[in-house]
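Residue numbering restarts at 1 for every chain, and letters A, B, ... go by the order of the sequence lines.
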Protein chains: 2
Amino acid sequence: MKHVAPSTVRRLSLYLHTLEACLREGRRTVSSKVLGDAGGATPAQVRKDLSFFGSFGRRGVGYPAAELAAHLRGILGLGGGFRVVLVGAGRLGQALAHFEGFGERGFRIAAVYDADATKVGTRVDGLVVRGVDRLVADLEAQPADIGVIGVPGDAAQAVGDALVRGGVRAILSFAPVHVAVPEGVAVKRVDLSQELDTLAFALRGGSR
Amino acid sequence: MKHVAPSTVRRLSLYLHTLEACLREGRRTVSSKVLGDAGGATPAQVRKDLSFFGSFGRRGVGYPAAELAAHLRGILGLGGGFRVVLVGAGRLGQALAHFEGFGERGFRIAAVYDADATKVGTRVDGLVVRGVDRLVADLEAQPADIGVIGVPGDAAQAVGDALVRGGVRAILSFAPVHVAVPEGVAVKRVDLSQELDTLAFALRGGSR
DNA sequence: TATTGTGAAGTGGTTCACAGCT
DNA sequence: AGCTGTGAACCACTTCACAATA
């Protein structure tokens with residue numbers, strides 16, 4: 001497979017959700033225009049993105065919704081039943097533990113960790129919180145695919161290192177710092193600080 | 001001012017945080033290399049980004065940390081003392097209410113709203129939760145700059161409409177749907193679903 | 001020597017426009 | 001007629017390379 005642009009992958013995710021919404025409404029076929037409007041993409045962009053992976057539509061008609069959704073799930077690699085470990089059982093961690101998006105994708109939160117001894121042993125969404133010191137050993141005994149970092153910035157790199165040592169290949173980090181990882185490990189950073197800064201800039205009337 | 005690329009704005013935010021970290025370490029001057037390494041940008045990129053707004057560095061030396069930080073805060077429009085209203089007092093809303101990033105930028109959470117009658121009247125981070133039905137009237141009485149949407153997807157557009165009617169000019173949405181707004185209103189969407197999809201794709205070995 | 005500031009070149013993603021099906 | 005698939009044109013962001021300066 002050739003190089004897929006990160007922006008294309010993000011849009012595929014959007015298309016998939018739009019398709020699911022269309023299916024719920026009983027729609028059988030969807031055009032590139034409908035698919036694009038729901039997420040701020042042009043029809044041409046939709047067609048280009050999809051054509052990268054094959055020809056899924058029928059000229060003059062549109063895309064078969066259920067079929068395309070299945071294709072997209074396959075392309076994105078959903079349904080892999082990935083195991084997730086969540087580090088950080090604070091307010092953010094608790095909100096994440098209850099996020100339904102994991103289950104919707106067949107991701108399973110396998111364990112929750114925290115450094116705070118007063119949190120260890122408590123339950124978060126049915127899971128007993130374990131001490132971070134056990135993280136690497138646990139992962140070596142039973143590997144996970146995805147690690148979620150929900151700890152303060154000053155602890156984030158150490159947690160990232162532990163996840164990598166434990167063999168995790170994808171990390172979702174909410175810490176407002178850069179987490180360095182070796183080649184082959186993917187890191188997605190969700191940084192509220194940065195979002196607020198860009199909003200402030202938008203309020204100044206700087207850009208779009 | 002000319003067109004500023006969105007990616008540039010995001011990086012300015014990174015540079016600012018790196019500068020603040022350097023200042024805490026007692027550093028007086030910072031090079032484009034140091035500034036870039038902390039956030040995954042090249043030195044050339046840092047210089048290009050900054051040169052867009054002026055000449056802040058000294059050749060052979062680097063950038064004066066405190067001075068550049070002040071410039072960046074000005075460029076981003078921080079310190080404007082923006083008023084923020086938070087809609088959604090669930091787990092996500094509570095986590096957001098306690099997020100220190102608002103205060104660090106001089107943003108002030110002015111009020112918290114929820115549709116759930118059992119939540120109305122309870123306190124979140126010292127603020128009494130109010131009913132969403134009051135949102136527009138409250139905003140008309142006392143305007144806010146930023147609205148945060150922390151409600152389920154099916155309620156997001158209605159909340160967005162209310163925020164816009166109330167005169168809010170920037171919205172940070174955590175709902176997994178596209179929120180349509182009129183020209184002149186900025187929306188930043190933080191979509192966990194999308195991030196998870198891109199991580200799944202990364203695990204397949206699809207892209208970087 | 002170290003490092004900035006910046007025009008110019010390069011790269012990659014987006015938009016266009018139209019041929020090709022249904 | 002309607003809508004997809006796609007090469008080509010376009011545009012924007014990134015990287016390069018080097019003159020300028022402390």
Side-chain angles (χ1 to χ4, degrees), chain A residues 1-15 18-19 22 27-69 71-72 75 194 198 201 206-208, chain B residues 1-15 18-19 22 27-69 71-72 75 194 198 201 206-208:
Chain A
M1 190 189 288
K2 274 185 291 186
H3 234 37
V4 185
S7 44
T8 296
V9 179
R10 277 199 302 277
R11 283 192 300 268
L12 292 182
S13 170
L14 283 175
Y15 303 155
T18 306
L19 279 169
C22 289
R27 197 155 185 161
R28 286 290 177 108
T29 173
V30 182
S31 72
S32 58
K33 174 147 202 327
V34 170
L35 227 35
D37 283 352
T42 66
Q45 179 115 67
V46 175
R47 296 199 299 273
K48 184 105 291 175
D49 285 338
L50 295 177
S51 75
F52 197 86
F53 300 95
S55 298
F56 307 114
R58 284 165 65 187
R59 296 171 197 241
V61 181
Y63 298 91
E67 203 179 308
L68 180 57
H71 270 298
L72 289 178
I75 291 166
Q194 195 170 286
T198 61
F201 185 76
S207 68
R208 83 197 51 255
Chain B
M1 189 190 287
K2 271 183 294 187
H3 235 34
V4 184
S7 44
T8 296
V9 180
R10 277 199 301 277
R11 283 193 299 269
L12 292 181
S13 169
L14 282 175
Y15 304 156
T18 306
L19 280 168
C22 289
R27 198 153 183 162
R28 287 290 179 104
T29 172
V30 182
S31 72
S32 58
K33 172 144 204 328
V34 169
L35 226 37
D37 283 352
T42 65
Q45 179 118 70
V46 175
R47 297 200 298 274
K48 212 357 71 113
D49 286 338
L50 296 177
S51 76
F52 196 87
F53 300 94
S55 298
F56 308 114
R58 285 163 64 186
R59 295 169 197 244
V61 180
Y63 297 91
E67 203 179 308
L68 180 56
H71 271 297
L72 289 179
I75 291 165
Q194 194 171 288
T198 62
F201 184 75
S207 67
R208 83 197 56 251

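A/His71 pairs with exactly one of A/Phe56, A/Tyr15, A/Phe53 by the ring-ring contact (aromatic ring centres under 6.0 Å, His included) rule, that one being A/Phe56.
Near-neighbour residues of DNA chain C inside residues 35-45 of chain B, defined by a heavy atom below 4.0 Å, are absent.
For B/Arg59 against C/dT3, a side-chain-to-base donor-acceptor contact under 3.5 Å is absent.
The CG-P distance, from B/Leu50 to C/dT6, rounds to 11 Å in whole Å. Between the P atom of C/dA19 and the CZ atom of A/Arg47 lies a distance of 15 Å, rounded to the nearest Å. One interatomic measurement links the two molecules: NZ of B/Lys48 to P of C/dG10, which rounds to 15 Å at whole-angstrom precision.
Within 4.0 Å of B/Arg58, counting heavy atoms only, lie sugar-phosphate atoms of the nucleic acid but no base atom. Nucleic acid contact for B/Thr8: none, since no nucleic acid atom lies under 4.0 Å from a heavy atom of the residue.
Under the side chain to side chain contact (heavy atoms under 4.5 Å, CB included) criterion, A/Arg27 pairs with A/Cys22, A/Val30, A/Val34, not counting sequence neighbours. With sequence neighbours excluded, no residue satisfies side-chain hydrogen bond (donor to acceptor under 3.5 Å, both in side chains) with B/Thr18.
With rounding to the nearest 0.5 angstrom, the CD atom of B/Gln194 is 4.5 Å from the CG atom of A/Leu14.
Comparing A/Ser51 and A/Val61 by the nucleotide of DNA chain D whose heavy atom lies nearest to each, the residue mapping closer to the 5' end is A/Val61.
Between A/Ile75 and A/Val4 there is no side-chain heavy-atom pair separated by less than 4.5 Å. Counting only heavy atoms from C-beta outward, the side chains of B/Leu50 and B/Leu12 approach each other to under 4.5 Å.
Listed by first and then second residue, the salt bridge (Lys or Arg N to Asp or Glu O under 4.0 Å) pairs involving residues 34-50 of chain B are B/Arg11-B/Asp49, B/Lys33-B/Asp37 (not counting sequence neighbours). Within the structure, side-chain hydrogen bond (donor to acceptor under 3.5 Å, both in side chains) pairs that include any residue of residues 54-67 of chain B do not occur (at least two apart or interchain).
Along DNA chain D, the stretch of nucleotides lying under 4.0 Å from any heavy atom of chain A spans, 5' to 3', D/dG2 to D/dA8.
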